[in-house]
Amino acid sequence: MEIKYWSDIACPFCYIGSTRMKKALKELNLYDETPLEFKSFQLDPTSPTTTDETMVEHFSSGHGMSTEQAKAQIEQISQMGASDGLKVDLVNAVPTNTLDAHRLIKLADSTGDRDLTEKVIDAFYQVYFSNGESIADHDVLKKAAIEAGLDASQVDEILDSKKFEREVRSDEMEAQQLGIQGAPFFVIDNKYGISGAQPYETFVQALKQVQAKED
């Protein structure tokens, strides 16, 4: 079995959904033997690299809702994350561009070290959802990437160039070709699709069904 999933660092449902999928894989003793590939999917590639806009303002304007409605929805998403043991402090998240974070994830992935890639992805989620720092700030990204285990000189090389941007765009083009319009989106064995942050039990059931078909 192999799984690829389209995801964005600025997407709380991606954070929650991928956590549930990984938990389901571990529950079924499939995690170590199942390749799990993070595919880049920027929810908003036009997001700026610097902003004074708060998440409430961003949510309100982006979803056409009042400030109160935006606050209520943000609180609901934060509680959803908490139920999975995740700190999703969405109200203090900084709505900025995620391209450079995706490029550094591609760097981690290029090493072939799965644990390193997972640590980098998790570190970036922490930056965005727990620390209230800008995921587009190069100093912030560099610190998180190095602490997760990436080489400092390689991180500098990526951030000072456009390296891996083509790979990020390629992932997004592949999603488009497959008709994927949102994230997270999981594809198991290039056959079975799961959209969104489904309940944990749904992931377990889906994996069991695919496993049964393979046996």
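Worth knowing before you read on, the calculation uses all heavy atoms, side chains too, and leaves out hydrogens, waters and symmetry mates. If you read the sequence from its start, that first residue is 1, and numbering goes on from there.
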Side-chain donor-acceptor contact under 3.5 Å, [X] with [Y]:
X	Y	value
S60	T67	no
D156	S153	no
N97	T49	no
Q79	E75	yes
Y125	T19	no

Output, in order, the C-alpha distance, side-chain angles, deciding distance and verdict of side chain to side chain contact (heavy atoms under 4.5 Å, CB included) for W6 and V187. CA-CA 9 Å; W6 278 263; V187 176; 3.7 Å; yes
Is the shortest side-chain N to carboxylate O distance from E37 to K39 below 4.0 Å?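 Salt bridge flag = yes for K39 with E37.
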Salt bridge or not for K22 and E118, using N-O below 4.0 Å?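 Between E118 and K22 there is a salt bridge, with a charged N closer than 4.0 Å to a carboxylate O.
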I74 and its side chain to side chain contact (heavy atoms under 4.5 Å, CB included) partner, picked from V88, D89, L90: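 The side chain to side chain contact (heavy atoms under 4.5 Å, CB included) with I74 is passed solely by L90 among V88, D89, L90.
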Residue among Q42, R166, K106 satisfying side chain to side chain contact (heavy atoms under 4.5 Å, CB included) with D171: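 Running side chain to side chain contact (heavy atoms under 4.5 Å, CB included) over Q42, R166, K106 with D171 returns exactly one hit, K106.
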Counting only heavy atoms not in D52 (residues, nucleotides, ligands), do more than 12 fall under 6.0 Å from its CG?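 Open.
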Look at atom NZ of K143 and say whether more than 12 heavy atoms of other residues, nucleotides or ligands are closer to it than 6.0 Å.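 Count not over threshold, so no.
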Ring-plane angle category for F186 and Y5, please: parallel below 30°, perpendicular beyond 60°, tilted otherwise.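 Ring orientation of F186 relative to Y5: parallel.
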Can you check whether E157's main-chain N or O pairs, donor with acceptor, with S161's side chain at less than 3.5 Å?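 Between the backbone of E157 and the side chain of S161 there is a qualifying donor-acceptor contact (under 3.5 Å).
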Cation-pi, Y15 ring and R20 (6.0 angstrom, 45 degrees):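 Cation-pi check for R20 and Y15: fails.
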Candidate list E165, E174, H102, test side chain to side chain donor-acceptor pair (under 3.5 Å), partner S40, passing option: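 Answer to the side chain to side chain donor-acceptor pair (under 3.5 Å) test with S40 among E165, E174, H102: H102.
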